[in-house]
Every structure is written in C-alpha cells, then in structure tokens.
Engineer: 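The following block contains the structure, expressed as structure tokens.
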Amino acid sequence: MKIPIKGTNIELSDSVYQYINDKIGSLDKFVKNVSPVECWVEVERTTKHHRSGDIFRAEVQIKLPGSQGVRAESTQWDLHQAIDEAKNDMQQQLKKYKGKMISARR
C-alpha cells in the first residue's frame, strides 16, 4: 500500500516518514484481499507555541470499495503517540469493516 504523507506546520524527518510507513503499513493485512485501496496520512502541528496542550494531530484516511471509507484522527502532546492512537483506531474500524464484508459474503 502506497502511503502519501502530508506534514502541516511541521517539517518531517526521514525517521518520521519511516515510523509512519511502518505503523500505517501494518494495516495492510486487514485490507490485503480488497482492492483498490487508497490511503492518506496527514500529521500536523496545531499550534506554534509548545505550552498550549495537545499540539500534534495525526489523521489517517483509507478509501475502501463499497463504503465511503474510514477515517481516524488523534491529537496528542507527542507526535508518535498521536500516530499510534490513530493507527489503533483505524485498526478497530478496519476489523469492523472486514467483519461486515465476511458476513455479507455468507
């Protein structure tokens, strides 16, 4: 699965790109029998001042056939935690989607 990554108000390093590809790429096993699948990831720094609470936002969108798609978003104080939380939410939604598709085939 090819994952375009957009960074808003933040400069993304190679390690962040690799981290996102590893985490979001692991969701591929939930949609490997479904094609075509489109995925987008956006990470954002929501504020320019570091003392304003949760400042990093990660958003993951996956377009699946037979539905409008699934979307997960998380805002945390740490970029890696925001990515992890969005990935976990997306994983739950994909499991639910996979269950619905299996039930529909039966």
Side-chain angles (χ1 to χ4, degrees):
M1 173 171 33
K2 186 177 177 186
I3 305 169
I5 301 168
K6 178 184 175 188
T8 306
N9 297 330
I10 188 172
E11 196 160 323
L12 301 175
S13 65
D14 291 337
S15 64
V16 173
Y17 277 109
Q18 185 64 35
Y19 188 79
I20 292 171
N21 280 321
D22 290 344
K23 289 294 183 176
I24 305 303
S26 70
L27 297 174
D28 194 33
K29 62 185 171 192
F30 296 104
V31 292
K32 65 180 172 185
N33 295 331
V34 180
S35 70
V37 174
E38 299 176 42
C39 179
W40 302 272
V41 175
E42 179 180 359
V43 289
E44 175 183 17
R45 186 173 179 187
T46 59
T47 181
K48 295 186 190 239
H49 194 269
H50 69 281
R51 294 185 185 168
S52 296
D54 296 337
I55 60 169
F56 291 105
R57 184 178 72 87
E59 178 181 348
V60 181
Q61 296 182 28
I62 297 180
K63 176 82 171 113
L64 299 165
S67 73
Q68 292 183 357
V70 290
R71 179 178 177 274
E73 182 179 344
S74 172
T75 305
Q76 292 290 328
W77 63 272
D78 181 37
L79 180 61
H80 293 290
Q81 285 186 345
I83 294 167
D84 288 343
E85 191 173 297
K87 179 233 171 209
N88 291 337
D89 188 26
M90 182 61 68
Q91 184 175 347
Q92 290 175 350
Q93 291 182 37
L94 289 175
K95 283 181 182 179
K96 187 176 179 181
Y97 173 82
K98 188 176 178 180
K100 285 182 182 180
M101 291 297 113
I102 290 172
S103 295
R105 278 190 249 148
R106 289 182 185 166

Engineer: Looking only at non-hydrogen atoms, find the nearest pair between Gln93 and Arg71 and report the distance.
Structural biologist: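 Looking at all heavy atoms of both residues, the shortest contact is NE2-O, 3.1 Å.
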
Engineer: To check you understand the geometry: which heavy-atom pair defines the closest contact between Ala86 and Ala58, and what is its length?
Structural biologist: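 So the minimum-distance heavy-atom pair works out to CB-O, 4.0 Å.
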
Engineer: Apply side-chain contact (heavy atoms from CB on, under 4.5 Å) to residues Ile102 and Lys98 and explain how you reach the verdict.
Structural biologist: CA-CA 6 Å; Ile102 290 172; Lys98 188 176 178 180; 4.2 Å; yes

Engineer: Could you check whether any side-chain heavy atom of Phe56 comes within less than 4.5 Å of a side-chain heavy atom of Arg45, counting everything from C-beta outward?
Structural biologist: yes

Engineer: Side-chain contact test, heavy atoms from C-beta onward, threshold under 4.5 Å: evaluate it for Val60 versus Lys87 and give yes or no.
Structural biologist: no

Engineer: Is the shortest heavy-atom distance from the side chain of Ile5 to the side chain of Ile24 under 4.5 Å?
Structural biologist: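 A side-chain contact is absent here, since even the closest heavy-atom pair is not under 4.5 Å.
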
Engineer: Group every Ile, Leu, Val, Met, Phe, Trp and Tyr by side-chain heavy-atom contacts under 4.5 Å, then state whether Val43 and Trp40 land in the same group.
Structural biologist: no

Engineer: Is the NZ atom of Lys96 crowded by more than 12 outside heavy atoms at less than 6.0 Å?
Structural biologist: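 No, because the 6.0 Å sphere around NZ of Lys96 holds 12 heavy atoms or fewer from other groups.
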
Engineer: So how far is it from Ile83 CD1 to Asp22 CG, rounded to the nearest 0.5 Å?
Structural biologist: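 Here the rounded value is 10.5 Å.
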
Engineer: Quick one: are Arg57 and Glu42 in side-chain contact, heavy atoms under 4.5 Å?
Structural biologist: yes

Engineer: Rounded to the nearest 0.5 Å, what separates atom NZ in Lys29 from atom CG in Leu94?
Structural biologist: 11.0 Å

Engineer: Pairing donors with acceptors under 3.5 angstrom, does anything connect the side chains of Gln18 and Asp14?
Structural biologist: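 Side-chain D/A pair, Gln18 to Asp14: absent.
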
Engineer: Rounded at 0.5 Å granularity, tell me how far NE2 in His80 sits from CD1 in Ile20.
Structural biologist: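 These two atoms lie 9.0 Å from each other.
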
Engineer: Side chains of Gln91 and Leu27: closer than 4.5 Å at any heavy-atom pair?
Structural biologist: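 When only atoms from C-beta onward are counted, Leu27 and Gln91 do touch, with a gap below 4.5 Å.
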
Engineer: Please name the pair of heavy atoms, one in Glu85 and one in Ser74, separated by the smallest distance, quoted to 0.1 Å.
Structural biologist: OE2-OG, 3.1 Å

Engineer: Below 4.5 Å, heavy atoms only, C-beta onward: do Tyr17 and Ile3 meet side chain to side chain?
Structural biologist: no

Engineer: Rounded to the nearest 0.5 Å, what's the gap from CD on Glu44 to NZ on Lys6? Could you check?
Structural biologist: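 Spacing of CD (Glu44) from NZ (Lys6) equals 8.5 Å.
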
Engineer: How long is the gap from NZ on Lys2 to CG on Asp28, to the nearest 0.5 Å?
Structural biologist: 14.5 Å

